[in-house]
Amino acid sequence: MSTAAMTETSRSAAGTERKSRTWVLPSVVLALLGTLWLYVGSLDLDSVEARSLAGDVVLGALWQHIQLVVVSTVLTVAVGVPLGVALTRPGIRRAGAIVLAAANASQAVPSIGVLVLLAMIFGVGFWMAVVALVLYALLPVLRNTMVGIRQVDPALIDAGRGMGMSTREVLLTIELPLAVPVMLAGIRVALILNVGVATLAAFTNAGGLGSVISSGIALDRMPVLIVGSALTMALALTVDWLAGLAERALRPRGI
Amino acid sequence: MSDRPTPSPDAMIVLDGVSKRYPGQDKAVVSDLSMEIRRGEFVVLVGPSGCGKTTTLRMINRLVEPTAGRILIDGRDVTHVDGDELRRGIGYVIQQIGLLPHLTIADNIALVPKMLGVAKSERRARALELLELVGLDPALHADRHPRQLSGGQQQRVGVARALASDPPVMLMDEPFGAVDPIAREKLQTEFLRLQERIRKTIVMVTHDMDEALRLGDRIAIFDSGSRLAQFDTPLEILSNPADDFVRDFVGSGAPVRRLSLLTVADVLGTAPSTAAGAGRAIEVDPGDSVHTALEQVLAAGAEGIEVAVPEEGSRFLDLGTLLTAASQPAKVLT
Ligand SMILES: Nc1ncnc2c1ncn2[C@@H]1O[C@H](COP(=O)(O)OP(=O)(O)OP(=O)(O)O)[C@@H](O)[C@H]1O
Ligand SMILES: [Mg+2]
């Protein structure tokens, strides 16, 4: 299975990582996938189940799911980080509070509602699902970028200005690097959120593991439902694990 | 400002009728302040909290923009030049030190040279040289992160960083405030020794009068509203306080504090010569402070001091004569 393969290579790549516990998540994922494999192998699949669980069907759904998550997360970061930075600049700082409040409120709207609403306005398909995912995952990225920058010790900014840095140089050499850990935490949350919410994309015809789950429900076939859910879980755990590794690798040293 | 006298040629920093009123406040924090700081001079600004010391200091590198008046550095009017560029040429040390935690010590020191476009290897060499200068072993500290250093070590790095581009002027805002008293005294002593070598023009803010007396060539005492109550040498401030505010601010113990500023040579002029030979005398140098001389006399249980004077040979002063001469406020030789 491709998740398992992915897990393996990433693990060996990260083999030099110090710190314990980096192996916990991948072993959980491997155990989950192994159990799933044994479970499906032990079943006597009827023709409907066999069709729904054919390798290319499941892997295709998984691949679509990954595409949805990756594209939407990249776009979320591309929108959220610059917006978050802009909203911490003096002058429009006050607008930041308003935007945050609005973003917080939007988080309360159920994701399925957003999806359906957008589908009604823009039609269905991959990109519509991406738009919905971006809207949904924007908040943690935006908020953590703003919080990350605001929590930088004012004395450091003062020291930077005092040695002749322009506001831009202060942003690039002081504020952003020091905000990285908090920003990465927000991006990680967005990623995990996207893995989950992307299952709903099936309702708007965008494919993904959600389509495996919903066909399991629609056809009343328990094994199909289980495979879809378990793969979603395994994907979420793998993504979280990779994000954790990235967080550790990208965090500036010394802080 | 045309009614003001033109600054003297050895003036390094000139504040000419400078005022600052922060937006939204109806009273100026600093109003119509004029000061002249000479090349290579170490000037300390002291005064009660909130009197505008930091504001005054930050107007010199224009982190705070004056609302009126002119600022000249080395004869150049910098009131309206590009602030970032100006600040790259002025060293600045703050109480919170402000080392960037994600950069190594060497990279922290090399920040300004980097902005000025100095090549990487050269920056590194400069950083190591400066670490040496402030008394830190480069091999041990250059590649560490600020968190791994003690407060006193960090403060030294802060000084090294301010010196990185060899600026003629250094501004320091309570630079030794964040370290414990013992480390502070050590830093002060080392800093004085460093200043003897590098001879920068330094303006330092403190609210510790003892620190001001120890370090300053001249001390500017501010009253609230940045009124310059007195701007003079430590000895002159202790001997002839300009008004009651200065007297109060300096506090009790001024006569005793003077003893460490007064040299034996200073008191020789006013002291009548006593006949030598009566008792045991301690030999002291004319450059020694009266405080040191007294300490030695008291420790040895002697009756006076013996000073070698170039033309007259040697002079003996007994304890009483020494003290009487040292307590005369008017006579100050400079
Ligand atoms: N950015 C600012 N905006 C408005 N008011 C300010 C600002 N900075 C300082 N002030 C006010 O100006 C006055 C002088 O402040 P300043 O920091 O210059 O005092 P200080 O002499 O350095 O005091 P301290 O010894 O406490 O450091 C204070 O009343 C302070 O509240
Ligand atoms: Mg201050």
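None of the values given here were measured: they were computed from a predicted structure. Reminder, nothing fancy here: chain letters follow the sequence lines and each chain counts from 1.
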What residue, out of Leu178(A), Thr173(A), Ile157(A), has the most heavy-atom pairs lying under 4.5 Å from chain B?
Leu178(A)
Heavy-atom pair with the smallest gap, counting every atom of His145(B) and Arg253(A):
CE1-O, 3.5 Å
Approximate separation, where rounding is to 0.5 Å, of Asp158(A) CG and Asp173(B) CG:
9.0 Å
For His102(B), is it the side chain, the backbone, both or neither that has a heavy atom under 4.5 Å from a heavy atom of chain A?
both
Measure from the side-chain N and O atoms of Arg87(B) to the backbone N and O of Met165(A), and report whether any donor-acceptor pair falls under 3.5 Å.
no
Looking at Leu140(B), I want to see if its CG is surrounded by more than 12 non-hydrogen atoms of other residues, nucleotides or ligands under 6.0 Å.
yes
More than 12 foreign heavy atoms under 6.0 Å from CD of Glu85(B): is that the case here?
no
Top of Leu100(B), Leu171(B), Asp84(B) for chain A proximity - count of heavy-atom pairs under 4.5 angstrom
Asp84(B)
Chain A heavy atoms under 4.5 Å from Leu99(B): which part of the residue, side chain, backbone, both or neither?
backbone
Where on Arg144(B) is there a heavy atom nearer than 4.5 Å to chain A: the side chain, the backbone, both, or neither?
neither
So with a 6.0 Å cut-off around CZ of Arg147(B), is the heavy-atom count from everything else above 12?
no
So Leu103(B) and Pro177(A), do their side chains get closer than 4.5 Å, heavy atoms only?
no
Would one find more than 12 heavy atoms of other residues, nucleotides or ligands at under 6.0 Å from atom CZ of Arg21(B)?
no
Heavy-atom closest pair, residues Met163(A) and Arg88(B)
O-CG, 3.5 Å
Minimum-distance pair of heavy atoms, taken over all atoms of Ala159(A) and Gly98(B)
CB-O, 3.6 Å
Does any heavy atom of chain A fall under 4.5 Å from the side chain of Arg58(B), the backbone, both, or neither of them?
side chain
With chain B as the partner, which of Gly162(A), Pro252(A), Ala155(A) has the greatest number of non-hydrogen pairs under 4.5 Å?
Gly162(A)
Closest-packed option against chain A by number of heavy-atom pairs under 4.5 Å, given Ile94(B), Ile97(B), Asp82(B):
Ile94(B)
